[in-house]
Chemist: 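The structure that follows is given in the form of structure tokens.
Hydrogens, waters and symmetry mates are skipped; everything else that's a heavy atom, side chains included, is used. Chain letters run A, B, ... following the sequence lines, proteins first, then strands; residues in each count from 1.
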Protein chains: 2
Amino acid sequence: MAEQSNTEWIRETLAEFMRTTGKKNTRQREVIVDVFLESDDHLTLQELLDRVQVTEPNVGFATVYRTMKMLVEAGVAKERHFGTDQALYELVHQGEHHDHLICNRCGHIFEYEDELIEARQEEIAASFGMKITGHRHELYGEPVGDGPCNH
Amino acid sequence: MAEQSNTEWIRETLAEFMRTTGKKNTRQREVIVDVFLESDDHLTLQELLDRVQVTEPNVGFATVYRTMKMLVEAGVAKERHFGTDQALYELVHQGEHHDHLICNRCGHIFEYEDELIEARQEEIAASFGMKITGHRHELYGEPVGDGPCNH
DNA sequence: ATAAGTGCAAAGCATTTGCACTGAT
DNA sequence: ATCAGTGCAAATGCTTTGCACTTAT
């Protein structure tokens, strides 16, 4: 299945990164990576820590913090900031790119991909003599009706 | 000129807001608003404070902080967060909307408006049964050539 | 008079770091 | 043996707030 192969890709990419940069394999990092891989969601450091501590109660916040930074550096995780000042971490899916639509009512995060917008961004940048190295596109909204949302 | 009339619009909108919500006019607020209006730029609270203190050395950080929050509430200022965790404030221009392209090399902030993207966002939201209440679109990039940029 | 505003300093809070100890290679 | 990793607690950095005093209405 696709999910399985992305997990494989992440593990391999990370292993390669760690080999190249001389990082060591530790029990803590293994657990953190496992927890992160198991949840295809947007998690705060605290949520990650809580889940890690189920297996390894002694792991500290700083270790999760540093490990997630490493995953971002290795290119297998992304750090996001939606409205709040708390960082959220999400898995990178090989070769994919997506942006986010956040429901104001329940906090649900939708993901979307749009070629048209991506292309348009490049044109805009070019019109200023620039090329894009990164971007951030977040939509905030609410359900069209006004019942409670079922996201 | 157009800039003059936007200043008028801001002053009137703000006066109306203050009247309606029972806020008082103070010397501090006048100076802060003047400083903010004079600079059509993206300013941190500290930068605003520095400029305010040229005229009114006793004004404190908290007053600038609270005044800018009020301006945002009144709809005449916007608070932005580009990359750093420091808030930047910018003037609202009546009836206008724009997004930003930030130069990684020199920090210059370009502003752009794109109907096509705006429309596309609505379509995307609609495809999830949502309507947009707000959005955030930031492009980060660098000059096409590799000389130093002259922004 | 009275309710809002101000300035200061302290509190919040998420993030980041210094350091002595532990553990992987 | 060596050097990276860990856990803790303390330090940051920006933002926010409590409080006693001041000022606009």
Chemist: Between B:Arg136 and B:His81, does a side chain to side chain contact (heavy atoms under 4.5 Å, CB included) hold up when you go through it step by step?
Modeler: CA-CA 10 Å; B:Arg136 174 176 188 157; B:His81 290 263; 3.6 Å; yes
Chemist: Closer than 4.0 Å, any side-chain N/O of A:Thr26 to the OP1 or OP2 of D:dA4?
Modeler: no
Chemist: Looking at A:Gln28, I'd like to know whether one of its side-chain N or O atoms comes within less than 4.0 Å of OP1 or OP2 on D:dG7.
Modeler: yes
Chemist: Whole Å only: how far is the CD atom of A:Glu30 from the P atom of D:dT6?
Modeler: 11 Å
Chemist: Without decimals, in angstroms, what is the distance between B:Arg27 CZ and D:dT22 P?
Modeler: 14 Å
Chemist: Within this structure, what is the CZ-to-P distance between A:Arg66 and C:dC19, rounded to whole angstrom?
Modeler: 13 Å
Chemist: Just compare D:dT16, D:dC14, D:dG5 and give me whichever is closest to any side-chain atom of B:Asp85.
Modeler: D:dC14
Chemist: Quick one: which of D:dG7, C:dG7, C:dT16 gets closest to the side chain of A:Val59?
Modeler: D:dG7
Chemist: Let's see if you can work this out: which of C:dT6, C:dT15, D:dT6 has an atom nearest to the side-chain heavy atoms of A:Phe61?
Modeler: C:dT15
Chemist: Expressed as a whole number of angstroms, how long is the span from B:Lys23:NZ to C:dT2:P?
Modeler: 21 Å
Chemist: Is the phosphate of C:dT16 approached by A:Tyr65 (side-chain N or O, under 4.0 Å from OP1 or OP2)?
Modeler: yes
Chemist: Starting from P on C:dT15, measure out to CD on A:Glu79 and report it in whole angstrom.
Modeler: 7 Å
Chemist: What side-chain donor-acceptor pairs closer than 3.5 Å can you find for residues 61-71 of chain A, not counting sequence neighbours?
Modeler:
| from | atom 1 | to | atom 2 | distance (Å) |
| --- | --- | --- | --- | --- |
| A:Thr67 | OG1 | A:Thr63 | O | 2.8 |
| A:Lys69 | NZ | A:Glu79 | OE1 | 3.2 |

Chemist: Students often get this wrong, so: under 4.0 angstrom with heavy atoms, is B:Arg29 touching a base, only sugar-phosphate, or nothing?
Modeler: sugar-phosphate
Chemist: Has B:Lys69 got a side-chain N or O lying under 4.0 Å from the OP1 or OP2 atom of D:dT16?
Modeler: yes
Chemist: Distance check needed: C:dC21 C1' versus A:Asn58 CG, whole Å only.
Modeler: 14 Å
Chemist: Side chains of B:Asp114 and B:His98: donor-acceptor distance under 3.5 Å anywhere?
Modeler: no
Chemist: Check for me whether the distance between the ring centres of A:His100 and A:Phe82 falls short of 6.0 Å.
Modeler: yes
Chemist: Kindly point out which of D:dT15, C:dA24, D:dT6 is positioned nearest to the side chain of B:Gln86?
Modeler: D:dT15
Chemist: What is the distance from NE2 of A:His81 to P of C:dA14, rounded to the nearest Å?
Modeler: 12 Å
Chemist: Side chain of A:Lys24, heavy atoms from C-beta onward: which of D:dT17, D:dT15, D:dC3 has the nearest atom to it?
Modeler: D:dC3
Chemist: Should B:Ile102 and A:Phe128 be counted in the same cluster of Ile, Leu, Val, Met, Phe, Trp and Tyr side chains packed under 4.5 Å apart?
Modeler: no
Chemist: Write down the distance between OH (A:Tyr89) and P (C:dA14), rounded to a whole number of angstrom.
Modeler: 13 Å
Chemist: Closest-nucleotide mapping onto DNA chain D: is A:Met18 or A:Ala62 further toward the 5' terminus? I mean the 5' end.
Modeler: A:Met18
